[in-house]
Amino acid sequence: MPVELIEKYFPDLSEKQKNQFAQLEELYAEWNEKINVISRKDMDSLYEKHILHSLGIAKVMEFVPGTRVLDIGTGGGFPGIPLAILFPEVQFTLVDSIGKKITVVKEVSEGIGLQNVTAIHTRAEELKEKFHFVVSRAVTQMPVFLTWLKGKFEKQNLNAKPNGVLYLKGGDLSEELAGLKTEIFPLENYFESEFFETKKVVYLSKENFLS
């Protein structure tokens, strides 16, 4: 079972969480036939390249209950849905500018009984709510991404790190992150597969980019 890959790195899952992760394969296969949100070749490695990759954020930050997290450019629900399974007492808002992708997010979330996900078809800049953290998976270059975040953050910090951005990125980031005060967490430190050798979680406190 592919879900065993998740259990390997997150051994404290409840039975409910294990079942939710296990159901993702069938739901994504079914919806991907109708609306292509994951490349066909990636469906075979859904648990490694999408679910476990999304959960890399959880190796860097264990969100406390009551945290509010915004996933920008969520696509088919990554990293938001895997994180929402792992942190059932954290509220996740998943947004994408493409409506049919949000349809998939809603159907998958409902299919596995997630109570802590709100999926909205909108552009990030148009959201009026505030959050503790913004997560995303390489939707654009970081300097562009940061321009979308003005007015998005709560003032009060709840977690071990100050409110800010947790961004999944791959490859050489030196040019893209030049001038930004970041912490970089290589995912090869947490996950064994070759896929993670160039993958990272980039953390920026909101104080470093919002005046």
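Values below: every heavy atom of this structure, side chains too, minus hydrogens, waters and symmetry copies.
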**OP:** Check each of Y9, Y190, F78, F195 against H53 using the ring pair (Phe, Tyr, Trp, His ring centres under 6.0 Å) test, and report the only one that passes.
**Re:**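 Only one option passes, and that is F195.
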In terms of hydrophobic clustering (I, L, V, M, F, W, Y; side-chain heavy atoms under 4.5 Å; direct or indirect links), are [X] and [Y] co-clustered?
X: L27; Y: I102; answer: no
X: L13; Y: M61; answer: yes
X: L46; Y: I35; answer: yes

Looking at side-chain heavy atoms only, is the closest gap between [X] and [Y] below 4.5 Å?
X: E183; Y: V202; result: no
X: V144; Y: V139; result: no
X: L180; Y: N208; result: no
X: L146; Y: L204; result: yes
X: V201; Y: L168; result: yes
X: Y203; Y: F185; result: yes
X: K206; Y: V165; result: no
X: P2; Y: F21; result: no

Subject >> Derivation of the side-chain contact (heavy atoms from CB on, under 4.5 Å) call for T93 and V95 >> reply: CA-CA 7 Å; T93 299; V95 302; 4.1 Å; yes
Point-to-point distance, once rounded to the nearest 0.5 Å, from [atom1] of [X] to [atom2] of [Y]:
X: L177; Y: I184; atom1: CG; atom2: CD1; value: 5.0 Å
X: I51; Y: E25; atom1: CD1; atom2: CD; value: 8.0 Å
X: I72; Y: W148; atom1: CD1; atom2: CH2; value: 7.0 Å

Are any side-chain N or O atoms of [X] and backbone N or O atoms of [Y], one a donor and one an acceptor, separated by less than 3.5 Å?
X: N159; Y: K161; answer: no
X: Q23; Y: N19; answer: yes
X: N116; Y: A84; answer: yes
X: N32; Y: Y28; answer: no
X: D96; Y: K101; answer: no
X: T67; Y: F63; answer: no
X: S45; Y: E48; answer: no
X: D71; Y: F92; answer: no
X: D172; Y: S174; answer: yes
X: Y47; Y: E4; answer: no

Original post:
K152 and L70: side-chain contact (heavy atoms from CB on, under 4.5 Å), yes or no, with the steps?
Top reply: CA-CA 9 Å; K152 294 286 184 290; L70 171 64; 4.2 Å; yes
Original post:
With sequence neighbours excluded, what pairs up with P143 under the side-chain contact (heavy atoms from CB on, under 4.5 Å) test?
Top reply: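 Only Q141, E176 meet the side-chain contact (heavy atoms from CB on, under 4.5 Å) criterion with P143.
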**OP:** Kindly write out the residues that satisfy salt bridge (Lys or Arg N to Asp or Glu O under 4.0 Å) with R137, not counting sequence neighbours, or none if the list is empty.
**Re:**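 With sequence neighbours excluded, R137 shows a salt bridge (Lys or Arg N to Asp or Glu O under 4.0 Å) to no residue whatsoever.
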**OP:** Kindly give the heavy-atom pair with the smallest separation between L86 and A58, and that separation in Å.
**Re:** CD2-CB, 3.4 Å
**OP:** Specify the closest pair of heavy atoms between P65 and E89, including all atoms of both residues, with the distance to one decimal.
**Re:**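 Taking every non-hydrogen atom into account, CG-OE1, 3.1 Å.
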Using atom types as modelled, flag every donor-acceptor pair under 3.5 Å from a side chain in residues 117-129 to any protein atom, sequence neighbours excluded.
unit_1 : atom_1 : unit_2 : atom_2 : d
H121   : NE2    : S97    : O      : 2.9
H121   : NE2    : G99    : N      : 3.3
T122   : OG1    : E126   : OE1    : 3.3
E129   : OE1    : R68    : NH2    : 2.9

Subject >> E7 bridged to K18 by N-O distance under 4.0 Å >> reply: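 Judged by the 4.0 Å cut-off on N to carboxylate O distance, E7 and K18 do form a salt bridge.
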Subject >> Pair K8-E192, salt bridge (charged side-chain N to carboxylate O under 4.0 Å, His left out): steps then yes or no >> reply: CA-CA 11 Å; K8 175 180 177 180; E192 291 168 8; 3.0 Å; yes
Subject >> Crowding at CD, E188 (>12 non-hydrogen neighbours, <6.0 Å) >> reply: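 Check passes, neighbour count above 12.
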Subject >> Flag if over 12 foreign heavy atoms under 6.0 Å of NZ, K100 >> reply: no
Subject >> Steps toward side-chain contact (heavy atoms from CB on, under 4.5 Å) verdict (T74, V135) >> reply: CA-CA 9 Å; T74 189; V135 300; over 6 Å; no
Original post:
Between K59 and F10, is NZ or CZ placed under 6.0 angstrom from the six-membered ring centre and within 45° of the ring axis?
Top reply: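 So K59 does make the cation-pi contact.
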**OP:** Tell me, with the steps shown, if I85 and L24 meet side-chain contact (heavy atoms from CB on, under 4.5 Å).
**Re:** CA-CA 11 Å; I85 296 173; L24 291 180; 3.9 Å; yes
Original post:
Would a line drawn from the ring center of F153 to the ring center of F131 be shorter than 6.0 Å?
Top reply: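 No; F131 has its ring centre 6.0 Å or more from that of F153.
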